[in-house]
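Order of the sequence lines fixes the chain letters, A, B, ..., with proteins taken first and strands second; residue numbering starts at 1 for each chain.
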2 protein chains.
Amino acid sequence: MNQKGGTNNLVFKIISNHILFKDFDKELISKIASNFTEEIWPAHTCSHCHYLKHKFHIIASGRLKIFNTDKETGREFTIFLLSKNDFFDVISLLEAGPHTIYYESLEKVRMISIPMLTMHEWLRKYPVLNQKLLPYVIKQLLTLEEYAISHTLFEIPVRLARLIIKNLNPDSKKIELIDDLSNDEIANLIGTTRAVVNRHFQEFKKEGILRIGRKKMEVINVPLLFKKALNNPKKTIS
Amino acid sequence: MNQKGGTNNLVFKIISNHILFKDFDKELISKIASNFTEEIWPAHTCSHCHYLKHKFHIIASGRLKIFNTDKETGREFTIFLLSKNDFFDVISLLEAGPHTIYYESLEKVRMISIPMLTMHEWLRKYPVLNQKLLPYVIKQLLTLEEYAISHTLFEIPVRLARLIIKNLNPDSKKIELIDDLSNDEIANLIGTTRAVVNRHFQEFKKEGILRIGRKKMEVINVPLLFKKALNNPKKTIS
DNA sequence: TAGGTTAAACTACTTAAGTATCAATAAAAC
DNA sequence: GTTTTATTGATACTTAAGTAGTTTAACCTA
């Protein structure tokens, strides 16, 4: 019905290439796309989870962090750093209990969204959608498991090294997604504070692992970085 | 075909009451049940994830922990403490990359299992199964998120108090599932060491929150316990 | 009940991480 | 181009948690 164009081109383009919907037939994709509306969050738009319970979003461009805060200490922990094609909130897909987390756009974020009710309806109507969703959720499960483990068993330098490696393009050897973040945001990603991150960055620099500029970083010794990522508390090297 | 009895009564009883299968019709449940075999792990049976990739298990009785170890320090972190009706390994349901975790039975564990291939086949054949699985996986996601957050932002006494609260029966006020664990196993659950757990147990005891015996514990002041669970680093009370 | 085994309690020490503060510097705004 | 703001770099200090080792108590069983 809304075939040529749907609500607009952006929505159709995203939906038809998206992991959740791409295998649906063209007709259905158009119908699905027509339910989405475009939404733009300016940089540093902050939103409480509560207000998002009624909407399901897919990111078209820009980065958005899901985080938790400890009001007492003011410290933050970035649980997920979402970018293109990621969607939220997965937890709200399940009618679970209260789930206090926050969202903030790191820059201007373009996204498409539908009412959560519609998404719920589709999940009932198209069981295949559950099949598509499951691998994504399990991948998030793995990510969180990794967080829990490394925040429990590993020290900051190890966590820092692993964060960089995880965002290192294996071909270009360039750091992606996080290379332009401040020390503060890096600290949030590994669950520590700015001062501690900076302390270890200085160490990494001195050891010739990283080259660091203002809001940019570059790996100059990959093997050494991988060595840092091993948990080796009793260093034999002086 | 294998209607009366199936492979045996235990399997049928578990399957027909299990969250994953209970809504299937009797015929299908019998067919499904006939694929399961019973398995018993004696107390302290330890198994590496690798060997379990080819099987899917549902626990009938006993406790089993999923954990990770840091070989360097010997420290352990219990990711999940599974008991009746829990199943594993969820991550292996997705054909993901390597996932190094370990399993150990805390006591004699009775379970029923099928080849992972069969489970994969069913997930394709019965999309409803994905629908049943999703809420469970999302619940695990929530649990891991909670771990990641509390291990990042909260100190040991808070984590200890929350662990107890999470396993506190709201009606009976009795601690369940973990009340007979050693300090060592408690430490694994909150990601610290035995000595530290004991240190804070002594504190809790002195403050009149807990009564502690050898491998048993009891809450004697619930409100104080809840107060401990709040993250309140700057205590005004001396 | 004696002897052995295991877990818990206690003490002393070490260290990484967190905190506070300020100076230096780059970027952005006016 | 000057002021303002944000980010980084650096120093000194505090503390919770980790580590090591010993003592005490509970439990088991021979």
Quick one: is D:dG9 close enough that its OP1 or OP2 comes under 4.0 Å of any side-chain N or O from A:K205?
-> yes
Of C:dC10, C:dT19, D:dA17, the nucleotide closest to the side chain of A:V196 is C:dT19
Could you say whether B:D184 or A:A195 is positioned toward the 5' end of DNA chain C, judged by the nucleotide with the nearest heavy atom to each?
-> B:D184
Once you round it to whole Å, what is the distance between P of D:dA26 and CG of B:D180?
-> 19 Å
Whole-Å gap separating C1' (C:dA8) and CG (B:L210) = 15 Å
Roughly how many Å is it from CG in A:L160 to C1' in C:dG18, rounded to a whole number?
-> 16 Å
Please report the closest heavy-atom contact between B:L153 and A:T69, naming both atoms and the distance.
-> CD1-C, 4.2 Å
Looking at B:H200, does any N or O in its side chain come under 4.0 Å of the phosphate oxygens OP1/OP2 on D:dA16?
-> no
Ion pair B:E207/B:K228, N-O distance below 4.0 Å = yes
Look at B:R63 together with B:D180 and state whether they make a salt bridge at an N to O cut-off of under 4.0 Å.
-> yes
With heavy atoms under 4.0 Å as the rule, sort A:N183 into base, sugar-phosphate or nothing.
-> sugar-phosphate
Under 4.0 Å between a Lys/Arg side-chain N and an Asp/Glu carboxylate O for B:K65 and B:E76?
-> yes
For B:T192 and A:S182, take the nucleotide of DNA chain D holding the closest heavy atom to each; which residue's nucleotide lies nearer the 5' end?
-> A:S182
Distance, rounded to the nearest Å, where B:L181 contributes CG and C:dT6 contributes P | 18 Å
Provide the closest heavy-atom pair for A:S113 versus A:H57 in the form atom of the first, atom of the second, distance.
-> CB-ND1, 3.4 Å
Give one of base, sugar-phosphate or nothing for B:R75, where a contact means two heavy atoms less than 4.0 Å apart.
-> sugar-phosphate
For A:K215 and C:dA27, is the shortest distance between a side-chain N/O and OP1 or OP2 below 4.0 Å?
-> no
Heavy-atom closest pair, residues B:L141 and A:V137 | CD1-O, 3.9 Å
May I have the distance from B:K206 (atom NZ) to C:dA9 (atom C1'), rounded to whole angstrom?
-> 12 Å
Taking 4.0 angstrom as the limit, do B:R110 and B:E39 come out as a salt bridge?
-> no
Ignoring hydrogens and angles, are the base of C:dA27 and the side chain of A:R214 linked by a donor-acceptor pair under 3.5 Å?
-> no
Does any donor-acceptor pair link the side chain of B:R194 with the base of C:dT6 at a separation under 3.5 Å?
-> no
Distance test, side-chain N/O of B:Q202 to OP1/OP2 of C:dA8, below 4.0 Å = no
Look at all strands and tell whether B:K216 reaches a base, only sugar-phosphate, or nothing, counting heavy atoms closer than 4.0 Å.
-> nothing
Rounded to the Å, how far apart are B:N198 CG and C:dC10 C1'?
-> 8 Å
With sugar-phosphate meaning primed atoms plus P, OP1 and OP2, does B:I156 contact a base, only sugar-phosphate, or nothing at under 4.0 Å between heavy atoms?
-> sugar-phosphate
The helix from C:dT1-D:dA30 to C:dC30-D:dG1: angle between terminal helix axes, five bp per end, to the nearest 10 degrees, reads 40°
Choosing from C:dA12, C:dA20, C:dC10, which nucleotide comes nearest the side chain of B:R199?
-> C:dA12
Calculate the interatomic distance between A:I212 atom CD1 and D:dA10 atom C1'; express it in whole Å.
-> 14 Å
Search all heavy atoms of A:F77 against all heavy atoms of A:H151 and return the closest pair with its distance.
-> CE1-CE1, 3.5 Å
Rounded distance (Å) that lies between atom P of C:dA7 and atom CG of B:N188 = 13 Å
